[in-house]
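Computed from a prediction, not measured in an experiment: that's the story for all the values here.
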Amino acid sequence: MTHTIKHFFQIVLLSLMWGLISGTSQTLKAQSSNIKNDTFWDTKDGEPIYSQGGGIFTFTDPKDGVEKYYWYGVHYREAELYRDDPSVTQERNYIKAVTCYTSTDLVNWELESNALERSEVTDHYENTHWMGRMGVAYVEEMDKYAMFIQHNAGVLIALSPTPAGPFKVHNRLDMTDRIGSPNTGDQTVFTDPDTGISYLVYSYGQGRHIIYLSEIGVKDEKVDLLDVNQIYKGKGREGNCMVKHNGKYYIFASNLYGWDSSYAYYLVADNIEGPYTPENKMLITPGTYEDYAHITQTGFFVNVKGSKQETVVYCGDRWADFAGNGLGYNQWCPMSFDGETPYFNSLSSWNLNEATGEWKVADDNNYVKNASFEADRRQIPSPVKPIKEQLLGWYSKVNQGNVIVIESEDSPVLNYFNSEEDRKHVIGEKSLNISDNIEFKREVFQIIESTPYVKLKDGYYTLSAKIKNTGKFHKLRMYAESAGKRHNVEITEQNDEWITIEIENVQVSNEKVEIGFNAYGDAGASAQIDDVSFVLSK
């Protein structure tokens, strides 16, 4: 073989090998990773993730020079206890540390450090009873990373030369002279992706009916807030956070429901300082109506700028260690936008391709909204906020029996408060309750159909639920109906313990299905239903 021919084949071989390697690399880069809600999350090493009330920021890792997502949040002792035993609701909020996790794809996380240790704060402020709602900003003037965190009735600022810490106490702000209250109601840090300038987004500490925006910078050789810009005054809001998309600035917040979930509200502006519209009246984000933003309080947002599109990820906090409202502390869902109107896509399982920015619904997504009945934290019907007559996402129709009416002694109670023993078998504090003190006939149902951004594909699905029942029922069934075709399963025996019922091969046509329960019972008959699931069949 001549040198020329040999060299030619070497080039061909190298080209093929490079093509194979390059193709494999591109395939790896194009792979989607699954984000699964309604469960507790682990690091890629299998260790529990404890991160609440924080934020995700993009920094360059000084160890390897790779740009990464840095996720900061509070590690509460009660988060461990609730994760170990979800049948018991915890009642305290003892902070152990602020954690820092890193990732390159927003799915596979690695624990970097306890970025701010409790001991670092208590060495300076022994009487520390609350810390939370933190974020981190890079302060170029000092070449330091600054963590802003609520601390008792003030704002604590800690500094570190590296994004993973350790952060050391640097400054503490009493906000009284700036806004009239010493503390911020709720707060997050927002960094404008186009300017690199960071801001603290926060509310007035008493009543939380005013939202402010302050630029973060250096004043008198200390990291501080440089200004105070009021952008909203109206009904009380908390969980204040901010995101920028397509040149628009959005402020999001939740209702004043304590640890409970609520609608996600928003304002929008062309300029970061406003004016934000509608003026002093926040709008409910479409898609959050049926399950209070997948049973969360607004937390923060992440912009995923891929090669094909930008996806905004809503990162909601589920304060399950305090409220017992289901599994998992972190519930992340993709946002869509119709012009400047944001749309929340409530999903239990979805796939994100961080490299391209694309997302899609996962095959194991549960399409039922408020599937474990945890969105409603009070007895329904409820005469106190949120004043409600029906369970969120569900409709109870009375064909015979007492009418469902707020503040009526005879009205049926639509949800059941699970006991500790119940919660060893079903999720969370609440379940559906079908009962009455007189003979009754009732239908409880939910209509599932395609939304503008999430398609309910035609095909075959499995409907399942957990149920227990006592007393005499003339009819007790679970059903699914699509395009006039009905599937039923009858419950004919009394079940003192929770059992699972299931309907396989439910055919969905025209991208719409009704699921529900029929109950015809004697006075005092009672059925509890929980953990409803409607998932595409394999």
Side-chain angles (χ1 to χ4, degrees), residues 87 368-383 388-448 463-481 485-504 506 513-534:
S87 68
V368 181
K369 301 294 193 301
N370 195 14
S372 292
F373 305 96
E374 303 306 317
D376 301 293
R377 305 303 303 148
R378 303 183 183 277
Q379 177 177 297
I380 304 297
S382 172
K388 295 175 75 274
E389 194 171 80
Q390 294 279 344
L391 294 173
L392 206 66
W394 298 86
Y395 184 76
S396 295
K397 180 181 179 182
V398 175
N399 294 321
Q400 180 180 337
N402 284 308
V403 179
I404 301 167
V405 180
I406 295 173
E407 289 192 298
S408 168
E409 292 183 359
D410 293 325
S411 176
V413 176
L414 302 183
N415 53 353
Y416 173 80
F417 285 44
N418 294 327
S419 68
E420 185 175 332
E421 179 59 33
D422 288 322
R423 291 170 64 180
K424 294 177 181 178
H425 308 281
V426 294
I427 295 171
E429 291 182 347
K430 307 295 188 297
S431 58
L432 171 63
N433 186 55
I434 306 179
S435 185
D436 207 338
N437 57 16
I438 61 176
E439 188 174 351
F440 64 94
K441 295 181 180 179
R442 198 178 311 161
E443 302 172 38
V444 182
F445 61 91
Q446 178 176 134
I447 295 174
I448 303 171
L463 174 64
S464 67
K466 293 180 181 177
I467 187 170
K468 69 174 185 176
N469 57 287
T470 60
K472 185 175 181 181
F473 281 92
H474 305 281
K475 178 189 294 183
L476 182 57
R477 67 160 62 122
M478 179 173 72
Y479 72 89
E481 183 175 342
K485 187 173 183 180
R486 194 177 181 96
H487 307 260
N488 298 303
V489 59
E490 306 285 345
I491 299 93
T492 58
E493 303 290 334
Q494 178 168 305
N495 298 285
D496 297 322
E497 305 292 336
W498 291 94
I499 64 166
T500 299
I501 55 176
E502 189 175 84
I503 306 175
E504 296 181 327
V506 175
V513 64
E514 179 182 310
I515 63 169
F517 306 89
N518 299 128
Y520 297 1
D522 285 351
S526 175
Q528 284 75 50
I529 297 161
D530 213 336
D531 302 344
V532 185
S533 175
F534 192 72

Check whether any side-chain N or O of [X] sits under 3.5 Å from a backbone N or O of [Y] as a donor-acceptor pair, and report yes or no.
| X | Y | value |
| --- | --- | --- |
| N488 | I503 | no |
| D531 | I427 | yes |
| S435 | A525 | yes |
| D496 | Q494 | no |
| Q446 | K369 | yes |

(Q) I'd like to know whether K388 forms a side chain to side chain contact (heavy atoms under 4.5 Å, CB included) with D376, so could you lay out the CA-CA distance, the side-chain angles of the two residues, the decisive distance to 0.1 Å, and finally the verdict. (A) CA-CA 9 Å; K388 295 175 75 274; D376 301 293; 2.8 Å; yes

Nearest heavy atoms of [X] and [Y], plus distance in Å:
| X | Y | value |
| --- | --- | --- |
| L392 | N370 | O-ND2, 2.9 Å |
| P381 | E389 | CG-O, 3.9 Å |
| S431 | D530 | CB-OD2, 3.3 Å |

Roughly how far, to the nearest 0.5 Å, is [atom2] of [Y] from [atom1] of [X]?
| X | Y | atom1 | atom2 | value |
| --- | --- | --- | --- | --- |
| I491 | I467 | CD1 | CD1 | 4.5 Å |
| N518 | R442 | CG | CZ | 12.0 Å |
| Q528 | F417 | CD | CZ | 12.5 Å |
| I438 | Q400 | CD1 | CD | 7.5 Å |
| K475 | Y520 | NZ | OH | 4.0 Å |
| I380 | I406 | CD1 | CD1 | 8.5 Å |

Q. Just one of W394, Y395, Y479 clears the ring-ring contact (aromatic ring centres under 6.0 Å, His included) bar with F445, so which one?
A. Y395

Q) Can you name the side chain to side chain donor-acceptor pair (under 3.5 Å) partners of N402, sequence neighbours left out? A) D436, N437

So do the side chains of [X] and [Y] get within less than 4.5 Å of each other, counting heavy atoms only?
| X | Y | answer |
| --- | --- | --- |
| D410 | V403 | no |
| V489 | E502 | no |
| I434 | F440 | yes |

Q.
Filter on salt bridge (charged side-chain N to carboxylate O under 4.0 Å, His left out), then keep only pairs touching residues 422-433, sequence neighbours left out; what's left?
A. R377-E429, E421-K424, D422-K468, R423-E429

Q.
Among residues at least two apart in sequence or on other chains, which ones pass ring-ring contact (aromatic ring centres under 6.0 Å, His included) with F517?
A. none

Q) Under the side chain to side chain contact (heavy atoms under 4.5 Å, CB included) criterion, do N469 and I529 qualify, and how do the steps go? A) CA-CA 9 Å; N469 57 287; I529 297 161; over 6 Å; no

Q: Kindly determine whether V506 and K485 satisfy side chain to side chain contact (heavy atoms under 4.5 Å, CB included), including the steps that lead there.
A: CA-CA 9 Å; V506 175; K485 187 173 183 180; over 6 Å; no

Q: Before giving the answer on side chain to side chain contact (heavy atoms under 4.5 Å, CB included), spell out for I448 and F534 the whole-Å C-alpha distance, their side-chain angles and the decisive distance to 0.1 Å.
A: CA-CA 9 Å; I448 303 171; F534 192 72; 4.2 Å; yes

